[in-house]
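Letters A, B, ... are given to chains in the order of the sequence lines, protein chains preceding strands, and every chain is numbered from 1.
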Amino acid sequence: MLEQRYFRDDIKLAADLLKKRGYTLDTARINKLESTRKSIQVETQDLQSQRNKKSKLIGQEKSKGNNATELLAEVSSLGQALKEKETQLSDILNQLRTLSLNVPNIPHDSVPAGKDENDNQEIKKWGQPKKYSFDVLDHVDIGAQLGMLDFEVAAKIAGSRFSHMSGQLARLHRVLTQFMLDTHTSEHGYKEVYVPYIVNEKSLEGTGQLPKFEQDLFKLNTEQEYYLIPTAEVPVTNLVRDTILNGHEVPLKFTAHTPCFRSEAGSYGKDTRGMIRQHQFEKVELVQIVEPGKSYDALEELTGHAETILQKLELPYRVVSLCTGDLGFSAAKTYDLEAWLPAQKTYREISSCSNFESFQARRLQARWRPTEKGKPELVHTVNGSGLAVGRALVAIMENYQQESGAVAIPTILQPYMGGQKLIEPEV
RNA sequence: GGAGAGGUGGCAGAGUGGUCGAAUGCGGCGGUCUUGAAAACCGUUGAGGGUUUAUCCCCUCCCAGGGUUCGAAUCCCUGCCUCUCCGCCA
């Protein structure tokens with residue numbers, strides 16, 4: 001959600017800024033709503049004020065033992081008009097709210113202009129893709145050869161876009177999250193949190209998934225409006241919903257490991273092979289709640305924390321700054337980390353780190369008090385994956401594959417795997 | 001799942017339908033006193049919004065949403081949450 005002042009004082013500017021990301025703001029409608037809002041609000045408040053005064057007088061008269069028939073008549077005639085105005089006002093406020101909940105964030109100045117992912121800007125590259133003396137396989141074939149990755153049985157149990165792992169591969173998958181969490185808590189200063197995997201509408205509205213992206217979510221068929229989380233960003237960021245933090249509490253740095261559930265509606269035919277795009281996957285998330293002036297530093301820092309994981313795993317990757325056209329709904333700026341996949345001979349997204357500025361905070365009413373006596377201000381929220389565990393596993397399988405069909409274990413993970421250096425096919 | 005109790009300001013805790021945005025206590029902030037601090041005393045202390053250059057002024061908010069009423073923190077309905085007891089259970 002954008003600042004109200006954009007709608008009131010500078011709608012032209014807002015429209016121009018949003019144009020950059022290919023969004024057309026309905027300025028005519030907003031202007032109209034805004035001007036009626038203004039007059040109706042003033043009228044409503046005036047009527048309310050009259051009513052309050054007269055009702056108070058009635059009370060005073062009655063306590064003196066007088067009967068205030070005249071006043072009573074005056075006020076009840078106000079009642080009808082007031083009720084009408086109040087309904088009109090709340091109707092307009094609702095319309096404005098719905099409208100603003102559907103307006104995306106404004107891209108930061110530093111975001112490269114562009115239409116789609118082809119215009120994203122590569123910021124840096126790290127590591128050298130290995131040369132292989134044999135024909136590389138993709139993770140699906142590697143997994144099949146190991147006998148530890150099975151999509152058919154997953155399809156039987158659930159359906160398409162699910163996976164089943166077993167043995168050492170399942171262990172490596174688990175160990176990866178362990179390693180990521182340990183790194184972020186002990187080296188990067190994040191506090192580990194455990195959170196619900198099911199959330200209510202309010203939480204999803206707070207982080208921007210609702211009302212616009214309901215079709216991407218799994219909604220539970222229960223009496224209450226429950227959804228499975230699409231990312232830990234939702235429950236973790238909502239920790240600070242409706243709170244005013246003291247100056248010394250900021251920044252907050254949280255990390256959480258959760259499963260993520262995405263309906264992937266509208267991605268038919270995309271990444272149908274393998275575990276790149278699943279309905280259920282694991283992710284270690286990084287979330288920072290920071291003061292407004294520091295959110296861009298925090299974004300750089302947090303992105304670095306995610307990069308650290310890739311570096312420790314010795315996986316070649318690159319950092320890409322998403323262009324205005326490819327930016328997510330809530331983000332003001334996003335870096336994607338893309339790991340090298342030898343089978344696809346390309347870099348694929350494995351983490352996405354974004355600064356939302358005050359966009360989420362405004363929806364969440366997440367604020368802080370800069371000074372003891374000062375007025376509360378909105379915080380900024382920054383988050384990123386650190387990393388997507390399934391995709392990290394894919395990257396390891398493909399980058400560390402051996403001619404024998406085995407997969408080497410990255411040095412950093414070997415202690416977690418009981419000193420084992422290799423995952424070999426089951427006989 | 002059954003039975004009961006309750007949700008009020010940073011916290012604790014009052015509140016006969018009529019100056020209640022809310023007593024009181026604690027905490028916080030400012031001051032007096034003190035070499036300094038503590039104690040004591042005095043004052044102050046919620047959030048959002050409208051109008052305004054600003055002050056003033058006004059409106060809304062006592063879990064949420066409806067309703068009754070000239071007037072609701074107080075009465076009625078619905079939902080959510082918390083607590084206690086019983087049952088079941090990882």
Check your understanding: Base, sugar-phosphate, or nothing: which does A:N52 touch, judged by heavy atoms less than 4.0 Å apart?
Key -> sugar-phosphate
Review point. With respect to A:D271, which candidate in A:R391, A:R277, A:R161 satisfies the salt bridge (Lys or Arg N to Asp or Glu O under 4.0 Å) definition?
Key: A:R277
Check your understanding: Are A:R51 and A:S55 close enough that a side-chain donor and a side-chain acceptor fall under 3.5 Å?
Key -> no
Check your understanding: Taking the same atom, C1', in B:G65 and in B:C80, what whole-Å distance lies between them?
Key -> 10 Å
**Study point:** Close aromatic pair by centroid cut-off 6.0 Å: A:F218 and A:Y227
**Key:** no
Review point. In the structure shown, which nucleotide is the Watson-Crick or G-U wobble counterpart of B:C33, with both distances under 3.5 Å?
Key: none
Review point. Going by atom types alone, do A:T222 and A:Q224 pair a side-chain donor with an acceptor below 3.5 Å?
Key: no
Check your understanding: Quantified in whole Å, what is the P atom distance between nucleotide B:G28 and nucleotide B:U55?
Key -> 30 Å
Study note, to complete from the structure: Rounded to the nearest 0.5 angstrom, the NE2-NZ distance for A:H305 and A:K253 is 5.0 Å
Point to revise | Under 3.5 Å on both distances, the Watson-Crick or G-U partner of B:A39 | key: none
Check your understanding: For atom C1', what is the distance between B:U8 and B:C63, given to the nearest Å?
Key -> 10 Å
**Study point:** Distance in angstrom units between A:D242 CG and B:C61 P, rounded
**Key:** 18 Å
So which protein N/O to nucleotides 68-71 of chain B N/O distances come out below 3.5 Å?
unit_1 : atom_1 : unit_2 : atom_2 : d
B:C70  : O2'    : A:S55  : OG     : 3.1
B:G71  : O4'    : A:S55  : OG     : 3.3

Review point. In terms of side-chain heavy atoms, does A:Q178 have a donor or acceptor partner in A:D182 at a distance below 3.5 Å?
Key: no
Review point. How far, in whole Å, is B:G67 from B:A14 if one measures between their P atoms?
Key: 31 Å
**Study point:** Span that lies between the C1' atom of B:G25 and that of B:G15, in whole angstrom
**Key:** 15 Å
Revision key, fill the gap. Side-chain contact check for A:S49: nearest option of B:A47, B:C81, B:C59 is B:C59
Check your understanding: Starting at NZ of A:K202 and ending at C1' of B:C63, how long is that distance when rounded to a whole Å?
Key -> 10 Å
Revision key, fill the gap. Separation of B:G10 atom C1' from A:W368 atom CH2, nearest Å, is 19 Å
Practice item. Return the 5'-most residue of the pair A:P376, A:V42 with respect to RNA chain B, ranking by each residue's nearest nucleotide. Key: A:P376
Point to revise | Donor-acceptor side-chain pairing of A:E86 and A:Q48 below 3.5 angstrom | key: yes
Point to revise | Whole-Å distance separating the CD atom of A:Q60 from the P atom of B:G18 | key: 13 Å
Point to revise | Nucleotide forming a Watson-Crick or wobble pair with B:U74, both distances under 3.5 Å | key: none
Check your understanding: Is there a Watson-Crick or G-U wobble partner for B:U24 with both distances under 3.5 Å, and which nucleotide is it?
Key -> B:A12
Revision key, fill the gap. Across every strand shown, the nucleotide meeting Watson-Crick or G-U wobble geometry with B:G87 (both distances under 3.5 Å) is none
Check your understanding: How many Å lie between CG on A:N200 and P on B:C81, as a whole number?
Key -> 9 Å
Check your understanding: Rounding to the closest angstrom, what is the interatomic distance between B:C59 and B:U19 at atom P?
Key -> 15 Å
Review point. Got A:L99 and A:D26 here, is their nearest side-chain heavy-atom distance under 4.5 Å?
Key: no
Exercise for review: Rounded to whole angstrom, note down the C1' distance from B:G9 over to B:C26.
Suggested key: 13 Å
Practice item. Sort out the partner of B:U60 for me: Watson-Crick or G-U wobble, both distances under 3.5 Å, none otherwise. Key: B:A47
Review point. When you check the side-chain N and O atoms of A:S295 and A:H380, is any donor under 3.5 Å from an acceptor?
Key: yes
Revision key, fill the gap. Rounded to whole Å, the CD-P distance (A:Q365 to B:G48) equals 8 Å
Review point. Can you check the A:E201 CD to B:C80 C1' distance for me, whole Å?
Key: 13 Å
Check your understanding: Between B:C81 and A:Q224, is there an OP1 or OP2 to side-chain N/O distance shorter than 4.0 Å?
Key -> yes
**Study point:** Watson-Crick or G-U wobble partner of B:G6, both distances under 3.5 Å
**Key:** B:C81
Revision key, fill the gap. Heavy-atom nearest nucleotide on RNA chain B taken for A:E223 and for A:R37; more 5' hit belongs to A:R37
Practice item. Write down the distance separating the P atoms in B:A90 and B:A3, rounded off to the nearest Å. Key: 25 Å
Practice item. Could you tell me which nucleotide pairs with B:U52 by Watson-Crick or G-U wobble geometry, both distances under 3.5 Å, or answer none if nothing does? Key: none
Practice item. Nearest whole angstrom, please: distance from the P of B:G49 to the CD of A:E34. Key: 13 Å
